[in-house]
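Just so we're on the same page: letters track the sequence lines, and every chain starts at 1. As a basis for the values below, the full set of heavy atoms in this structure was taken, side chains included, without hydrogen atoms, waters or symmetry mates.
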Amino acid sequence: MFDVVFRNFGFLMGGLWVTVKLSIFALVGGIFLGMLVGLARLSKKPWVYYPITGYVNFLRNVPLILVIFWFYFVMPILVGQAIDPFPSAVISFIVFEATYFGEIFRAGYQTISRDLINASYSTGLTYAQTARYISIPIAFRRMLPSLITQSIVTFQDTSLAFVIGLPELVRRASIVDNLEVRSIQLFGFAAMVYFIFCYVGSRSSRHFEEKSRKANIL
Amino acid sequence: MIEIKNVSKWFGDFQVLTEINETIDRGQTVVICGPSGSGKSTLLRCINGLEPYQKGEIIVDGTSLNDPKVNRYKLREKIGMVFQRFELYPHMTALQNVTLAPIKVRKWPKKKAEEKAMQLLERVGIPEKAHSHPANLSGGQQQRVAIARSLAMEPAYMMFDEPTSALDPEMIKEVLDVMIDLAKEGMTMLCVTHEMGFAREVADEIIFMDAGRIVERGTYEEFFNNPQTQRAKDFLSQILQ
């Protein structure tokens, strides 16, 4: 009954590879940018705080699918030439996910006491060094379960890139479906693949939570 | 030399420091005491530029903090600070806590920084805890690591902000012993503490603060045996109970 999946296995797995690649770019870029966005959201400098807060509030209140769409159609106007779906999707995801990761990092930074930061400053470390060696690593560890949860959401959301024709897993399932009309099997298979990835991810999140609680390090 | 001239500071409308004047010479140990909320900790934070003040001037070795061009990070390298709640970096071992600033600020090679850090951990009596995380150290051990962390930058001055008041009684002595040794070796120290035994042993001067002002100053004997103000008498009778 799932012969349609087996016959097109290579093609579908190629879609999974696109999904994974997009997820990796989106997560690495989104988390890195999110670290900085979180810092900016706690900045006392108005010219840092207000623009970044505006950016975060705007993107957190529009659907991701519109950001992907809009970016794909606006980019050619800005750069003067058509842009491939993949780089367009990567940039949309980084810019969008950074707002969510930014809020997670902000919450993490706020768990760090003022005097811990003062202790770092009092040894001569600068703001950037304190962020790099103290605030970011501590926030990262304390927020690891939330970061993993958001990463799982990002992985699932990459399927939205199919609206701009990116040949990721869902897009490829629908291409095969158009030819062979086996919607239940094909989309059922895609759902299973997402489930396996995300289930492993959420279990690992639980594992890290337990581990850090036991180690009592933070 | 640290010169504090007519320094006043406000948090909003609330004045936390009022016209503070004080000079700390090299090699001196000055103890600051007073009830909580009297501005002692705030004064320390103003001296190394962690808190701004609105009036007056603080000069450290001839460099005025009022100068907007002064490099606060550079200034802080020569003023070590120890906090009430230790404030060790929780994700690093004791050794990493001590070596971070020498490696990142002084650009020392890791090996040199670690050798120096081990000497310091030996000096504060806990070389065997070098590879432990703060969560696995007692309060007294954490505070001694914090002192080693400050000393690693070879500061000219050390400031202590109630270093023993978060400690269980049996751990206070191990921290005070380290501080007494430091004072006797000639470190210039500014200590907010209510440990009068420590003050008697090493303080060149005691400052008593109340409601943001310095209301008394003198040697241990002068302050202890002959307090001038009612406020200081009340305070002494409370802490000596």
Side-chain angles (χ1 to χ4, degrees), chain A residues 31-32 35 38-39 42-49 104-148 207-218, chain B residues 41 44-45 47-52 71-93 96-107 132-137 142-143 145-155 157-162 166:
Chain A
I31 289 173
F32 181 76
M35 289 170 179
L39 286 174
L42 295 170
S43 173
K44 289 191 183 72
K45 298 187 175 85
W47 54 272
V48 174
Y49 175 82
I104 293 170
F105 274 101
R106 183 176 69 128
Y109 298 141
Q110 282 175 321
T111 67
I112 301 171
S113 81
R114 185 69 226 159
D115 269 347
L116 188 73
I117 301 302
N118 281 340
S120 171
Y121 287 157
S122 73
T123 59
L125 271 81
T126 62
Y127 175 84
Q129 288 172 325
T130 301
R132 164 78 179 78
Y133 300 109
I134 310 298
S135 313
I136 290 174
I138 293 176
F140 193 90
R141 276 158 216 241
R142 288 192 183 155
M143 303 314 281
L144 196 54
S146 305
L147 292 170
I148 292 175
H207 171 76
F208 283 122
E209 230 176 314
E210 288 296 318
K211 203 175 133 197
S212 65
R213 200 178 11 242
K214 276 186 194 132
N216 191 28
I217 283 179
L218 292 176
Chain B
S41 298
L44 294 193
R45 283 163 171 73
I47 292 171
N48 65 356
L50 291 172
E51 287 274 354
N71 184 340
R72 267 152 221 277
Y73 298 122
K74 264 273 169 289
L75 170 90
R76 289 180 192 133
E77 289 178 33
K78 61 174 157 190
I79 308 177
M81 185 156 179
V82 173
F83 295 82
Q84 182 176 1
R85 305 212 64 91
F86 330 130
E87 309 299 349
L88 293 181
Y89 314 134
H91 56 307
M92 296 181 184
T93 63
Q96 289 166 332
N97 266 272
V98 179
T99 56
L100 181 71
I103 291 173
K104 300 303 172 190
V105 179
R106 288 271 150 86
K107 312 290 182 201
S132 301
H133 278 87
N136 300 321
L137 300 177
Q142 288 189 58
Q143 194 61 297
V145 173
I147 293 171
R149 176 176 66 183
S150 291
L151 292 175
M153 289 299 285
E154 301 174 326
Y157 306 94
M158 283 288 285
M159 301 199 295
F160 294 83
D161 185 9
E162 304 204 32

Starting from the C-alpha separation in whole Å, work towards a yes-or-no answer on side-chain contact (heavy atoms from CB on, under 4.5 Å) for Ile134(A) and Leu100(B). CA-CA 10 Å; Ile134(A) 310 298; Leu100(B) 181 71; 3.7 Å; yes
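Rounded to the nearest 0.5 angstrom, Glu87(B) CD and Arg114(A) CZ are separated by 11.0 Å.
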Can you give each donor-acceptor pair under 3.5 Å made by side-chain atoms of residues 116-125 of chain A, sequence neighbours left out, with the distance rounded to 0.1 Å?
{"from": "Asn118(A)", "atom 1": "ND2", "to": "Asp115(A)", "atom 2": "OD1", "distance (Å)": "3.0"}
{"from": "Ser120(A)", "atom 1": "OG", "to": "Thr130(A)", "atom 2": "OG1", "distance (Å)": "2.9"}
{"from": "Ser122(A)", "atom 1": "OG", "to": "Asn118(A)", "atom 2": "O", "distance (Å)": "3.4"}
{"from": "Ser122(A)", "atom 1": "OG", "to": "Ala119(A)", "atom 2": "O", "distance (Å)": "2.9"}
{"from": "Thr123(A)", "atom 1": "OG1", "to": "Ser120(A)", "atom 2": "O", "distance (Å)": "2.8"}

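Interface remark: Ser113(A) contributes side-chain atoms only to the contact with chain B (heavy atom separation under 4.5 Å). At a 4.5 Å heavy-atom cutoff, the contact between Arg45(B) and chain A is made by side-chain atoms alone. When heavy atoms are compared at a cutoff of 4.5 Å, Met153(B) approaches chain A solely by way of its side chain, counted from C-beta outward. Proximity to chain A (any heavy atom under 4.5 Å) is shown, for Leu75(B), by neither the backbone nor the side chain.
Every residue two or more places apart in sequence or in another chain was checked for a side-chain hydrogen bond (donor to acceptor under 3.5 Å, both in side chains) with Arg85(B), and none qualifies.
Between Tyr133(A) and Tyr89(B), every side-chain heavy-atom pair lies at or beyond the 4.5 Å cut-off.
Looking at every heavy atom in both residues, Gln129(A) comes nearest to Lys104(B) through NE2-O, 3.1 Å.
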